[in-house]
There are 2 protein chains.
Amino acid sequence: MARISESTVRRLSHYYRVLEEVAGEGQRVISSHRLAEREGVTSAQVRKDLSCFGSFGRRGLGYDVRHLREQIRGILGLSRRWRVAIAGAGHIGSALLAYRGFGEQGFDVVAVFDSSPQRIGRPAGDLAVRPMNSLSARDAIDVGVVATPPGAAQDVADAMVAAGVRGILNFAPRKLHVPAAVALRHVEMTVELESLSFALSQPRAGRRPRAVE
Amino acid sequence: MARISESTVRRLSHYYRVLEEVAGEGQRVISSHRLAEREGVTSAQVRKDLSCFGSFGRRGLGYDVRHLREQIRGILGLSRRWRVAIAGAGHIGSALLAYRGFGEQGFDVVAVFDSSPQRIGRPAGDLAVRPMNSLSARDAIDVGVVATPPGAAQDVADAMVAAGVRGILNFAPRKLHVPAAVALRHVEMTVELESLSFALSQPRAGRRPRAVE
DNA sequence: TTTTGTGAACGTGTTCACAGCG
DNA sequence: CGCTGTGAACACGTTCACAAAA
C-alpha cells in the first residue's frame, strides 16, 4: 500500500461527512460519480482515494453507504477516542472547549491550561483552568491544541512535546517546530483571510479553483 | 504575469508574518535563504513566489525587509479595509468578534447576524446582533463569515451572495456553493482534526522520543 | 563573491481512459 | 450494460542549477 498523500486524507474526511449526510437521507448505495458530485471533485479522484485503502465498491453497482462510512471511520481513526489538552483559555480556547463537534469526532478535552494568573483556577466547562507548567506526562495527553498568542506558541508546543503528546493542532499564526514523530496540523485563519483579501483585490472577477459551481 | 497559484498566495501570507517579525528585530535586509529557513521552505521557492509579482531583491544583497513587507502588504490587499459581516453569534462567531487580529489585518466587522430570537438584539462587542434576514445590499458588505451550524450554512451563504458580498469565509464543516465570482475560503478545523486522528492512527516506524522530565 | 531571477528538470497529485468484473 | 479499480498521460507546483547583476 503506497504512501497516502495529505490531500487524500483531507478528502476522505470530506467523503465521510457526505456519507453521513447521505446515510441520513436513507440512501443505501452511492456511486463514485454521485459522491464526487456532492463533494466537488472528479469521480476518478474518489475511486483513486478509496483504492489506497482497499476495494470497497462493487463494480456495476457502487459503494454501500454504511459500509464505506464505517471503513473511512476506521481509516481516519475516529473509532477510538483521543485525550486532548487545550492551551490558552482565551477566546479561541473557550470556543473550542464549548464546541460540541469536538467530542463527536472522538476528541475528549481533559485539561485546559493557561499561564495567566487571572485565568488559572477559573471553571472552563466541566474543568478548571490549570497553570501551564502543571502539564506533565502524567496527563497522558494524545493531542495538544495551541490556542495561545503567537509569542507563547512555541514554548507551549515544547511543553506539550515534553509531556509526550503525539499530535498538535495549532491555531496560532506562527510556524511551530516539533520533532518529526509529532504530527502537526495548522488551522490558518489568518492565511485564509489574507488569501481572501488577495482574491478580492484582483481586478477581474476571480475564477478561483476553490470557488466551485 | 502568469497565473498565481493558491499555494503562492498562502506562502506570501507567511512571508509577510516573518517580515513583520524580522522588522521588529531591527533587521534591514534579508536573503531568500534566511527567509526560507524561518518559514520552512526552500530559498528557490521564496524567489519564485516573489518573482510572480516583480523583482524586489538586489543581487548579491538580498531583500530590503521594510520594502518587501510593504510590497507584499499591497499584493495581499492589506493596505485597504474590508467590511465584514459575521453570521452566527454562537461560540465561534463570538470568538471571531472578540479576535483583535481581525481588525489588524484590515477587516472591520460591521455587523453580526443570527437567526435565533434569543440572540437577536443582544450586544456583541460594539454591535448588536441583528436578525439574519435583515442583511441586505445596503449593508455594503465585502466579506461574509459563515459561523453557523452546518445545516444553516448554505442558506446563509445564499443570503450573503444576494446581499452582494464578494468573498465568503466558511467555518461550517459543509461544502458551500457560490457563484464563481464570489471568492470562497474554508477554515476546516474538522478536517485538520481528522487528519491528525489519521496520522496518530498510523503505526509509526519511529516511535516518539520518551518524555523527559 | 554573494545572492537574485529564471528556464529546465523533476516529482507528485489529478485526470483520462479502459480493462475487469459484477 | 454500469461502475469500479488502475496504469498511463497529463498538469502543475517544486527544486535545481546557472547566468546575470551588485
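These numbers were taken from a predicted model, which means no experiment stands behind them. Here is how names work: the chains are called A, B, and so on, in the same order as the sequence lines, proteins then strands, and each is numbered from 1.
Shortest non-hydrogen contact noted between Val145(A) and Met160(A) is O-CE, 3.5 Å. Nearest approach of Leu196(A) to Gly167(B), heavy atoms of both residues: CD1-CA, 4.3 Å.
With sequence neighbours left out, the side chain to side chain contact (heavy atoms under 4.5 Å, CB included) criterion links Gln45(B) to Arg11(B), Tyr15(B), Val41(B), Thr42(B), Asp49(B). Listed by chain and number, the residues in a side-chain hydrogen bond (donor to acceptor under 3.5 Å, both in side chains) with Glu192(B) are Arg10(A) (sequence neighbours excluded). For the side-chain hydrogen bond (donor to acceptor under 3.5 Å, both in side chains) test, residues two or more places apart in sequence or in another chain that qualify with Glu21(B) are Arg174(A), Arg38(B). Considering only residues two or more places apart in sequence or on other chains, Arg100(A) meets the salt bridge (Lys or Arg N to Asp or Glu O under 4.0 Å) condition with Glu104(A). Evaluation of the side-chain hydrogen bond (donor to acceptor under 3.5 Å, both in side chains) rule for Asp142(A) yields no partner, not counting sequence neighbours.
Listed in residue order, the members of residues 14-42 of chain B having a heavy atom less than 4.0 Å from DNA chain C are Ser31(B), Ser32(B). Contacts between residues 66-74 of chain A and DNA chain D, defined by a heavy-atom separation under 4.0 Å, are absent.
One atom, CG of Asp49(A), and another, C1' of dT4(D), lie 14 Å apart when rounded to the nearest Å. With rounding to whole Å, Arg10(B) atom CZ is found 12 Å from dT14(D) atom P. Atom C1' of nucleotide dT6(C) and atom CZ of Phe53(B) are separated by 16 Å, given to the nearest angstrom.
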Set out, line by line, the N/O atom pairs under 3.5 Å between protein and nucleotides 5-7 of chain D.
from   : atom 1 : to       : atom 2 : distance (Å)
dG5(D) : OP1    : Phe56(A) : N      : 3.3
dG5(D) : OP1    : Gly57(A) : N      : 3.1
dG5(D) : OP2    : Tyr63(A) : OH     : 2.7
dG5(D) : O4'    : Arg59(A) : NH2    : 3.2
dG5(D) : N7     : Arg47(A) : NE     : 2.7
dG5(D) : O6     : Arg47(A) : NH2    : 3.0
dG7(D) : O6     : Lys48(A) : NZ     : 3.1

Check: protein-nucleotides 11-13 of chain D nitrogen or oxygen pairs below 3.5 Å:
none

Short heteroatom pairs, N/O only, protein and nucleotides 9-11 of chain C, under 3.5 Å:
none

Cut-off 3.5 Å, no hydrogens considered: what does the side-chain donor-acceptor table look like for residues 107-116 of chain A, sequence neighbours left out?
from      : atom 1 : to        : atom 2 : distance (Å)
Asp108(A) : OD1    : Arg81(A)  : NE     : 3.2
Asp108(A) : OD1    : Arg81(A)  : NH2    : 2.8
Asp108(A) : OD2    : Arg81(A)  : NE     : 2.8
Asp114(A) : OD1    : Ser116(A) : N      : 2.9
Asp114(A) : OD2    : Ala89(A)  : N      : 2.7
Asp114(A) : OD2    : Arg119(A) : NH1    : 3.0
Ser116(A) : OG     : Gln118(A) : N      : 3.3
Ser116(A) : OG     : Gln118(A) : OE1    : 3.0

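In this structure, Phe198(A) and Phe53(B) have perpendicular ring planes: the angle between them is above 60°, well past the 30° mark.
Note on residues 56-69 of chain B: pairs passing side-chain hydrogen bond (donor to acceptor under 3.5 Å, both in side chains), not counting sequence neighbours, are His67(B)-Gln71(B).
Within 6.0 Å of NE2 in His186(A) there are more than 12 heavy atoms belonging to other residues, nucleotides or ligands.
By the 4.5 Å heavy-atom criterion applied to side chains, Val9(B) and Glu194(A) are not counted as neighbours. Proximity of Arg47(B) to Ser43(B): side-chain heavy atoms (C-beta onward) are separated by under 4.5 Å at one or more points.
The pair Glu20(A)-Arg17(A) does not count as a salt bridge, with every side-chain nitrogen at least 4.0 angstrom from each carboxylate oxygen.
Gln105(A) and Ser197(B) share no side-chain donor-acceptor pair at under 3.5 Å.
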